[in-house]
> 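Here it is: the structure, laid out below.
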Amino acid sequence: MGYILLGLVAWIHGDPRRVAYPTDSQGHFCGQKGTPNENKTILFYFNLFRCTSPSMMLKLQCPTTQICVSRCPEKFLTYLEMRFLNKKDKTQWEYYRQFCKATASPAKSLSDLLSRGDCPPAVYPSRPFLQRCLPDFSTINRTLIVGSRMQFDDGSGKSRNIIELREAANGIGKILDARTIGLKVFEDYTTTWKWILIGLTVAMALSWIFLMLLRFTAGFLFWVFMFGVLGIIGYGIWYCYVEYIGLQHKPQSAIMIYDIGIQTAINMIFHLKQTWFSMMIILCVIEAIIIIVLIFLRRRIRVAIILLKEGSKAIGYIPSTLVYPVVTFVLLSICISYWAVTAIFLATSGVPIFKVMVPEGGCIHEDETCDPEVFPETHIPVVCPGASCNFAFYGARSVYHEYIIVFQIYNLFAFLWLVNFVIALGQCTLAGAFASYYWAMRKPEDIPRYPLFLAFGRAVRYHTGSLAFGSLILASVQMFKVIIEYLDSRLKKAQNSVARFLQCCLRCCFWCLEKMVKFLNRNAYIMIALYGKNFCASTRDAFYLLMRNILKVAVTDEVTHFILLLGKILVSGIVGVLAFLLFTERLQEIVEGPTTLNYYWVPFLTLVLGSYLIAHGFFSVYSMCVETIFICFCEDLERNDGSAEKPYFVTPSLHRILTKKRPAPQRQRE
């Protein structure tokens, strides 16, 4: 109820358009339909040199007038040059006025122009970058220029050089990095969203096919998983080696890259060589680790395959369990969407706030709140020459806006709690369905009809509180992890060696704690599905049961997870290889993919991570099946002795492989 109420309040106060559109000095959106700026989609800065102010990064706002324009300037032109040329060519003013305020008129002198602030003192060759006009830098013989000049007049009588302009553009770049660098990523997503959906569908189809094959050929499919994963990693090693060798023959001189006026000073060739070499080493280590693990676990893998075959029988009798991951995926998608939308609306809550901005600083009224409608009539422009009333940010002084950060934290915590609850509900439901298979003496005659739906109904009706409590514990641990990561990122530069050591210890401890809580919760949910006890009692019973069978847990649980992990890696690896070839334009002869990506690794990593999560959702059915059968088996051994009065429910093959002996002959099967 609280989370829904928070979403409604955020929806009332928020405005997502503030993320999609740049905002001019008057607080108007550039490019928004149905407004005078509908065809003016680009933000133009009157005086870029003011963006070098030291206070700029603190306020995340350049202290100069900003307007919306339909295009960026294509040439150098000062206001004085325009007035001189306009005497012969009347179109010069028409060209220049598109970079002025709508109410601008020709000024009598330069001082009059600067005092009124209706037009920029000069314009420079620019091009759009993240919907902002930034200088169009280029290099000739490794010399940085704009247009064809290295020295120019800034329109106010001062001579400027290209280095000063680059520093000013870098100032804008820092603001964009701090505020809107995600727009590039968003642009890549809008270009590739169809391919991402196709890739995720392929991952879902592959996972489904592998699950169906596990029902019939678990042993054969293990070899497919093993050789498939080793082959994909081997292909990655070969590709990194080819790229590394190819770069060996290129010059290793330092190259300065200027991305639309933003300097990215890197040693590009050297960096790429190191990147490919590092990736090759990492993949070689992973390949070696997998091979060593397979060699040392070869006997235990046979036990895990027997368990997978037993799980395949259970899933064969309850095929509806293969559909449940889709239900979990839908519920998780709803949770993620609700969290993301709520976060955006919270971040964009408020009304436009205008602040007094002074280019040179030192004014007593600087950073005061102002009203742009009446600002020219106040005494501030007289006291502070050059001051302007510009848009600063969105906010307000109400109680709601004072607690925006608290609401964002609550939004994140509620999201973690809901996600863990959805996962817990799925685990308890699957455990109840597979338990009904195990405790059926005659299979499939004694298995109840619709076991999955019955288990889901019991979980929702009787165990919602237990599942919510277990999810709350896990969400609390994860929230502490998020806080530690946030503090680490904020205080990284200020930390000494002792602080960094303590930080690493805390991160390691919380990582281990999260893994332990997940393991205990999963087994507790199985005990809840079996006996219907509360969360604490079920956790205690599951812990003691596993401790009494600790050797069997090590043999079965972890080895089975390792085999299923190979399957997940294979699915994400197949999709990842295809995505890499597509987004790097290596499949143009077969299929025409996107060709204008800013960062090809954005959709690539999205597909790899998404396909792994999808595969994890489907293979978790087998994982939960094996764990439930194992818990039931341990309970079966403690409750029964194989006699006619207390027969085992376990199948003879599984009993033989786990206990190294046959069940008592008194037991009669179907």
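One-based numbering along the sequence shown.
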> Answer yes or no: is there a side-chain heavy-atom contact under 4.5 Å between F434 and T321?
yes

> With sequence neighbours excluded, what pairs up with K533 under the salt bridge (charged side-chain N to carboxylate O under 4.0 Å, His left out) test?
D541

> State yes or no: are the ring centers of F210 and F225 separated by less than 6.0 Å?
yes

> Do V224 and L213 make a side-chain contact, defined as non-hydrogen atoms from C-beta onward lying under 4.5 Å apart?
no

> Please check if the side chain of Q427 supplies one atom and the backbone of V422 the other of a donor-acceptor pair under 3.5 Å.
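Here the side-chain-to-backbone pair does not exist.
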
> Are F535 and F469 close enough that their ring centres sit under 6.0 Å apart?
yes

> I'd like to know if the side chain of D636 reaches the main chain of C632, judged simply by a donor and an acceptor atom lying under 3.5 Å from each other, with no hydrogens or angles considered.
no

> Heavy-atom count around Y531 OH within 6.0 Å, excluding the residue itself: above 12?
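Buried by this count: over 12 neighbours within 6.0 Å.
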
> With sequence neighbours excluded, what pairs up with R548 under the salt bridge (charged side-chain N to carboxylate O under 4.0 Å, His left out) test?
E638

> Among all residues two or more places apart in sequence or in another chain, which pass the salt bridge (charged side-chain N to carboxylate O under 4.0 Å, His left out) test with E514?
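Result, salt bridge (charged side-chain N to carboxylate O under 4.0 Å, His left out) vs E514: K481, K518.
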
> Do F619 and H616 have side chains that approach each other closer than 4.5 Å (heavy atoms only, starting at C-beta)?
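The answer is no; the side chains never approach within 4.5 Å.
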
> Does a donor on one side chain sit under 3.5 Å from an acceptor on the other, for E645 and N640?
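No.
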
> Does one side chain, of Y622 or S312, offer a donor that lies under 3.5 Å from an acceptor on the other?
yes

